[in-house]
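Please read the structure below before turning to the comments.
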Amino acid sequence: MKIGEIAKIVEASTWSEGSNSDIFDLSVDSRSAKGSSNELFIAIKGPNHDGHQFINELAKKGTRNFIVEEGVRPIPDCNILKVNSSIAALQKIAHAKRIQFKKEVIGITGSNGKTIVKEWLSTILSNNLDVLKSPKSYNSQVGVPLSVWPLSTHHDLAVFEAGISMPGEMENLAKVIEPSTGIFTNIGTAHDEHFGSQKEKIEEKLKLFEKSESLVFRADHSELSEVINKDYKGSKISWSTEPDIDSLVKVEASSPKNIKVLFKGDHYTFQSEFTDEASLENLIHSIVCALHLGLTPAQIQVGIAMISPIKMRLELKRGVNNTYLIDDTYNNDLAGLTKALDFMDQQQQLAKRSVILSDFVQNKSTNEFYAELNQLLLQKGIDKLIAIGPELSAHKKHFSLESKFYDNTESFLASLSKQSFQNELILIKGARQFAFERISKLLADKGHKTVLEINLDAVTHNLNYYKSLLKPETKVMVVVKALAYGAGSSEISKLLEFHKVDYLAVAYADEGVMLRQDGIKLPIMVMNASMDDPYKLIQYNLEPEIYSLEQLEAFLQAYQFANKILPAHLILNTGMNRLGFNETDLNPLIERIHNNPHIRIESVFSHLAASEEKAHESFTKEQITQFRQYADQIESALDYQPIRHILNSGGIIRHNADQENMVRLGIGLHGIEVSDLHADKLQNTSTLKTVISQLRTVKAGETIGYGRRGKAINDMAIATIAIGYADGYLRYFGNGAAYVSVNGQKAKTIGNICMDMTMIDVTGLSVEVGDEVVIFGSDPTVSQLAKWGDTIPYEVLTNVSNRVKRVFYSE
Ligand SMILES: *Cc1c(COP(=O)(O)O)cnc(C)c1O
């Protein structure tokens, strides 16, 4: 669209004119605005920020087009469109885009599962179609139009989600999305203060589908289905798992892994890894919609295989007195509780079940709510309830199961003796402010507990941050060598596949084989494939980096023998002097690949030796220039264009303009910004934790540990923690070179680090045996530790040994 056209669409009252440029990008966030002349910045006023404040700054950066709702002084060469409401203008632009698109558009709303259904359905459809979907959970008044904007003729189909919090909002979103097919996921039990009744809330959400031809919903949700049957005019694609409920599609989840669907007279069976109720419902919505759209069951099954469960914060651990704990001390809402209870239901170890529950801070307390809660607990077979908080206590009378009530966490802790719980499965679920981690700490078995916790949300955040620095068309290869920098390659790769990165890279063939065995389907480049590896690469569909003529010959021979085309990534040496073709190799190389039908050059690349260092900037620039020359030479001998790439994490930050067609992201994914320019934009992903095994006091003059290197000058309190150099805590960190955090307090190491244990100085600190100790995480950070150890963050991360259990979570 041209800006002139947009001015008409938004009915701009004034338009101070610059040139009539084409608009490719919309932006509402000054931080991620690119500063290009083909960008339109829409200044939005929010409760905590005002986009109008950034207009001059953006104009300096190069942005030339603005929509404003406040008077702004003209800026030379800029188009400034004044409107009444910026958000309404944004929606009008998206609406204009939407009505040009004549193919299928799917709209999704409901209380829970919108984002998941959108992601899963898109994954299933993407195997066969070019699908546009909303990014992340873009479902608001601003997020929806931004999702719709990229719609283009090359797309076969689009999937958008819509969420509302107030009456009146859905009509706007309906105009922007205009879904031809709808999915109404479900309606939550949360009593929302903005809606008079549940029915009113359903009616409002249903407005999204006023013009849609068909609507997928679950007939088992009785209130929802009543409203739809009464008000909805299009074709109703209802599904149900209940034999007695009238529905178009019948579903039977006989064993959790088998989903049987009776659709238009035919029976189909699908397999999935999901076993909890909520995931199954989301998956069945996706399956029914895909069948309705005409995908074959085989196509759908391939798609389902690509969606795999990500491990959640819900984790089962051993507790005291032969108990097991399921621990979720971060939030509490009814949907989350239902999910946790389902998870509990799947655990077969112990018959007796207890729930320790805090007040629900987000729900309005009504009698119905507590009656429903009691019903839910009974239905899930809970024997005992410990209810903590004034709201729960005030509604005592609604609970018919064995229950005890406490006003706050402290009074419960005071009453807790070690014998309070025995031989039972305990769910601990509380809102953040109740700090239930104090309960789980007391009830948890204090076994050997050195773990590396990986926050998958932070990994996603970091990926998205790097993506925001790239042109939308730049591909992303993520380097997951060395167990994804120690984090765990399969889990990280699954997440990356979910977020649709373009490529993975590993160092050795076996690392790629492992990823394939764990079901990773993304293309994988192997950086140091040895001459013995071709058959392994062929068998597991891995793509070698080719670095020498000799290696090229060996691979060509093997691939030809197997009757396969060699998918090669050529690395060019431009100054790293590690692997790669030198300038003098180029002619023979080109001769060998020119018109050679047995090889396909997937990519041509080089590696920077000091991308993160300002001091070496001119060297880096030279490397890049040389790379381009070499790559041009190679390309001129081919009748197709291989992908080109040279930037690693540091390069993306420092040499952003040289993205070529792809970048190779490594350490940045793990929250470490080596050039130290954007460090505050990344999130910490990895926390290495252990516990205190023993406390002792030592007298002035005594020594601590091997070689008597630690000396007590005064009387001291010493704690022994369960981590040593065999876990990756380097000997360098001993003798006070590093500190750890215990309950938020810093404690320095004392004496030499042992193989499996370390002593720390806890003099004057409040600590107990069993307390958690953070080795690295948000404080101290990996980078800090690297400095103390006279090494680099890469080494600290990849040193964490296999003995240390990895725990992945997502909040
Ligand atoms: C490890 C590696 C990367 C990733 O580097 P980071 O600095 O971690 O981003 C990229 N390319 C090659 C060839 C590598 O070996």
Side-chain angles (χ1 to χ4, degrees), residues 459 462-463 465-467 469-470 474-487 489 492-493 496 501-509 511-512 515 523-530 542-548 551 568-581 602-614 616 620 623-624 627 630-631 643-656 658-679 681-682 685-686 782-783 786 791-799:
V459 173
N462 296 338
L463 174 68
Y465 181 69
Y466 277 93
K467 276 193 185 165
L469 301 176
L470 301 173
T474 305
K475 290 182 164 37
V476 178
M477 170 186 267
V478 180
V479 183
V480 292
K481 60 193 176 193
L483 294 176
Y485 293 53
S489 35
I492 297 291
S493 299
L496 294 169
V501 307
D502 300 281
Y503 252 99
L504 297 176
V506 294
Y508 294 102
E511 297 179 324
L515 291 179
I524 300 176
M525 176 175 93
V526 178
M527 297 196 283
N528 201 349
S530 89
L542 305 168
E543 304 174 9
E545 168 178 323
I546 299 291
Y547 51 81
S548 73
Q551 184 216 22
H569 297 265
L570 302 180
I571 180 160
L572 310 175
N573 179 24
T574 55
M576 175 74 183
N577 288 321
R578 187 171 69 177
L579 291 178
F581 292 96
E602 298 293 342
S603 84
V604 179
F605 73 108
S606 188
H607 194 39
L608 298 172
S611 64
E612 74 279 18
E613 288 179 64
K614 189 164 172 47
H616 297 293
T620 303
Q623 276 198 285
I624 294 171
F627 166 63
Y630 297 176
I643 304 173
R644 290 180 180 212
H645 45 116
I646 189 162
L647 301 185
N648 62 346
S649 305
I652 299 173
I653 302 285
R654 279 207 166 274
H655 300 275
N656 192 275
D658 304 306
Q659 299 171 21
E660 307 295 297
N661 329 107
M662 184 156 84
V663 296
R664 298 188 306 275
L665 177 63
I667 193 124
L669 189 74
H670 307 281
I672 291 160
E673 209 283 87
V674 278
S675 74
D676 223 14
L677 291 173
H678 294 213
K681 298 283 176 28
L682 301 183
T685 59
S686 308
V782 172
S783 307
T791 177
I792 51 174
Y794 298 78
E795 195 182 5
V796 175
L797 279 178
T798 54
N799 256 326

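As the structure lists them, so they are numbered: ligands from 1, and atoms in each ligand from 1. Hydrogens, waters and symmetry mates are skipped; everything else that's a heavy atom, side chains included, is used.
Using bins of under 30°, 30° to 60° and over 60° for the plane-to-plane angle, the ring pair Tyr485/Tyr794 lands in the tilted bin. Phe605 and His645 have parallel rings, their planes meeting at less than 30° on a 0 to 90° scale where 60° marks the start of perpendicular.
Checked by atom type and distance alone, the side chain of Gln659 never pairs as donor or acceptor with a backbone atom of Ile652 at under 3.5 Å. Using a distance-only test at 3.5 Å, with no hydrogens or angles considered, no donor-acceptor pair links the side chain of Ser603 to the main chain of Arg644. For the pair Glu511 (side chain) and Ala507 (backbone), a donor-acceptor distance under 3.5 Å is present. With Gln623 contributing its side chain and His607 its backbone, the two residues share a donor-acceptor pair below 3.5 Å. At distances below 3.5 Å, not a single donor-acceptor pair connects side-chain atoms of Arg664 with backbone N or O atoms of Met477.
Given atom 10 (C) of ligand 1, the protein heavy atom at minimum distance is Arg664 NE, 3.4 Å. Looking only at heavy atoms of the protein, atom 9 (O) of ligand 1 is closest to Ser649 OG, 2.5 Å. Closest to atom 7 (O) of ligand 1 among all protein heavy atoms lies Tyr794 OH, 2.6 Å. The nearest heavy-atom contact from the protein to atom 12 (C) of ligand 1 is His607 CE1, 3.3 Å.
For ligand 1, the atoms sitting less than 4.0 Å from at least one non-hydrogen atom of Ile667 are 6 (P), 8 (O), 9 (O), numbered in the order shown with element in parentheses. The ligand atoms of ligand 1 that sit less than 4.0 angstrom from a heavy atom of Met527 are 12 (C), 13 (C), 14 (C), 15 (O). Every atom of ligand 1 is numbered from 1 in the order shown, and the set under 4.0 Å from a heavy atom of Val479 is 1 (C), 3 (C), 4 (C), 10 (C). Close contacts of ligand 1 with Lys481, meaning ligand atoms under 4.0 Å from a residue heavy atom, involve 1 (C), 2 (C), 3 (C), 14 (C), 15 (O). Atoms of ligand 1 lying under 4.0 Å from any heavy atom of Tyr485, numbered from 1 in the order shown and given with element: 1 (C), 4 (C), 5 (O), 6 (P), 8 (O).
No more than 12 heavy-atom neighbours from other residues, nucleotides or ligands sit within 6.0 angstrom of OH on Tyr508.
In this structure, His645 falls outside the shell of residues with a heavy atom less than 4.0 angstrom from ligand 1.
Inclusion of Phe605 in the set of residues having an N or O under 3.5 Å from an N or O of ligand 1 is not warranted.
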